[in-house]
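Below: one structure, written as structure tokens.
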Number of protein chains: 2
Amino acid sequence: MLDQIDKELLKLLQKDCKQTNKALSNALGLSVTAVYERIRKLENNGIISNYVAILDKKKVDKSFAAFCHVKLVQHSQDYVMKFEREVRNLDEVLECYHISGDYDYLLKVLVEDMEAFREFMVKKLTKIDHIGSTHSMFMISEVKCTTAITL
Amino acid sequence: MLDQIDKELLKLLQKDCKQTNKALSNALGLSVTAVYERIRKLENNGIISNYVAILDKKKVDKSFAAFCHVKLVQHSQDYVMKFEREVRNLDEVLECYHISGDYDYLLKVLVEDMEAFREFMVKKLTKIDHIGSTHSMFMISEVKCTTAITL
DNA sequence: TAATATATAGATTATTTTTCTATTATTTAT
DNA sequence: ATAAATAATAGAAAAATAATCTATATATTA
């Protein structure tokens with residue numbers, strides 16, 4: 001489905017999606033139209049889901065990251081649905097996964113500082129019903145953070 | 001530093017960075033030039049760090065996510081530096097954070113399936129020197145996954 | 001309040017994307 | 001193997017967009 005050229009193209013677009021088709025065509029050794037058609041196809045079949053601007057966390061004063069484990073008191077369909085819906089609406093939560101192990105969920109939370117995190121926990125996360133327990137870990141430093149999937 | 005218009009603009013660009021300046025100008029009630037100049041400034045001062053294509057994990061057959069805790073045997077500058085350098089070079093590791101708590105690091109690993117994960121652990125991660133212990137959790141489902149920071 | 005700096009709008013130019021047509025590869029069926 | 005059909009590519013033309021420039025308005029500071 002994806003040939004080697006597509007993979008190379010996706011690698012380039014995952015690094016910088018604003019480079020011109022001309023630049024991409026040079027890098028790939030294709031014509032501009034060939035690149036254009038390949039991108040259009042990748043967009044249409046949903047392999048490329050969207051194009052986004054990535055911000056510098058420090059420069060926008062959101063450099064405090066926490067990872068929160070959450071356990072629900074019960075796992076009824078109802079409680080699960082409600083929790084997931086509410087978590088999706090929390091701006092501070094960038095990622096949330098249902099995971100295996102001692103806890104049910106792992107959340108990646110991004111705020112300005114510890115005080116903001118405390119506020120988030122007290123006023124938002126633990127206000128969600130049916131949360132049994134939580135356990136948080138704090139980011140000391142970021143070693144790697146990319147969105148690029150290697151194909 | 002960032003006024004309300006900038007924040008609104010960044011929100012739009014974090015959702016879709018390929019919309020035209022015309023579309024942005026309509027949404028913001030500004031002229032195309034005003035939008036253009038604001039974006040240029042946000043790029044130049046590094047608030048926008050880059051523009052990337054986001055791929056559909058399932059469609060590129062990388063829907064198995066794992067979160068690995070890693071503890072080093074020692075925390076000498078040397079071991080730490082070496083571990084971090086090697087982890088950065090692993091394509092399967094999209095994110096790696098030095099964190100507080102029982103373990104030293106939390107890694108987000110993305111591969112095709114459990115077998116690929118096993119391979120990753122045996123052949124790559126645990127091949128890195130000075131790793132004391134690891135503990136992995138597996139994603140059962142993705143509740144939320146965004147790159148957009150709310151300002 | 002005047003002087004300076006900053007932000008905006010509208011018009012123009014340069015680039016880029018998109019469309020179109022023709023040609024070349026690749027696949028499929030006979 | 002070969003002809004027919006399909007898909008991919010290239011180059012040229014048209015349409016859309018980005019980038020630049022000049023002038024005007026708005027805000028800041030001395």
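Here the structure is a predicted model, which is why all the values come from computation and not from measurement.
The CG atom of B:Leu28 sits 11 Å away from the P atom of C:dA9 (whole-angstrom rounding). The distance from atom CG of A:Leu30 to atom P of D:dG11 is 11 Å, rounded to the nearest whole Å. For the pair B:Tyr36 OH and D:dT20 P, the computed distance is 4 Å after rounding to whole Å. In this structure, CG of B:Asn21 is placed 13 Å from C1' of D:dT20, rounded to the nearest angstrom. Separating the CD1 atom of A:Ile39 from the P atom of D:dA8 is a distance of 15 Å, rounded to the nearest angstrom. Here C:dA7 presents its P atom at 13 Å from CG of B:Asn44, a figure rounded to the nearest Å. Look at CD on A:Gln19: it is 17 Å from P on D:dA18, rounded to the nearest Å. In this entry the distance linking CG of B:Leu42 with P of C:dT6 reads 16 Å, nearest Å.
The heavy-atom pair separating A:Ile149 from B:Leu55 by the smallest distance is CD1-CB, 4.4 Å. Across all non-hydrogen atoms, the minimal contact from B:Ser49 to A:Asp56 is OG-N, 4.2 Å.
The pair B:Glu92-B:Lys124 counts as a salt bridge, with a side-chain nitrogen and a carboxylate oxygen less than 4.0 angstrom apart.
In this structure, the side chain of B:Thr126 engages the main chain of B:Met121 through a donor-acceptor pair within 3.5 Å. Side-chain N or O atoms of A:Asp91 include none that pairs as donor or acceptor with a backbone N or O of B:Thr150 at under 3.5 Å.
Under 4.0 angstrom from either OP1 or OP2 of C:dT8 there lies at least one side-chain N or O belonging to B:Arg38.
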> Can you check ring pair (Phe, Tyr, Trp, His ring centres under 6.0 Å) on A:Phe67 and B:Phe67, steps first, answer last?
Replying inline: CA-CA 11 Å; A:Phe67 300 91; B:Phe67 300 92; 8.6 Å; no

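In the set D:dT9, C:dT8, C:dT6, the nucleotide with an atom closest to the side chain of B:Lys41 is C:dT6. Considering only the side chain of A:Glu37, D:dT9 comes nearest among D:dA8, D:dT9, C:dA9.
Scanning residues 1-18 of chain A for heavy-atom distances under 4.0 Å to DNA chain D yields an empty list.
Of the N and O atoms on the side chains of A:Tyr79 and A:Glu84, not one donor lies less than 3.5 Å from an acceptor on the other residue. A:Asp104 and A:His75 share a donor-acceptor pair across their side chains, judged by distance under 3.5 Å alone. Neither side chain, B:Tyr51 nor A:Lys15, offers a donor N or O lying under 3.5 Å from an acceptor on the other.
If you find the closest nucleotide of DNA chain C to A:Thr20 and to B:Ala34, the one lying nearer the 5' end belongs to B:Ala34.
Overall, the helix from C:dT1-D:dA30 to C:dT30-D:dA1 carries an axis bend of 50° between its ends, with five pairs at each end and the value rounded to 10°.
Within 4.0 Å of A:Thr33, counting heavy atoms only, lies at least one base atom of the nucleic acid.
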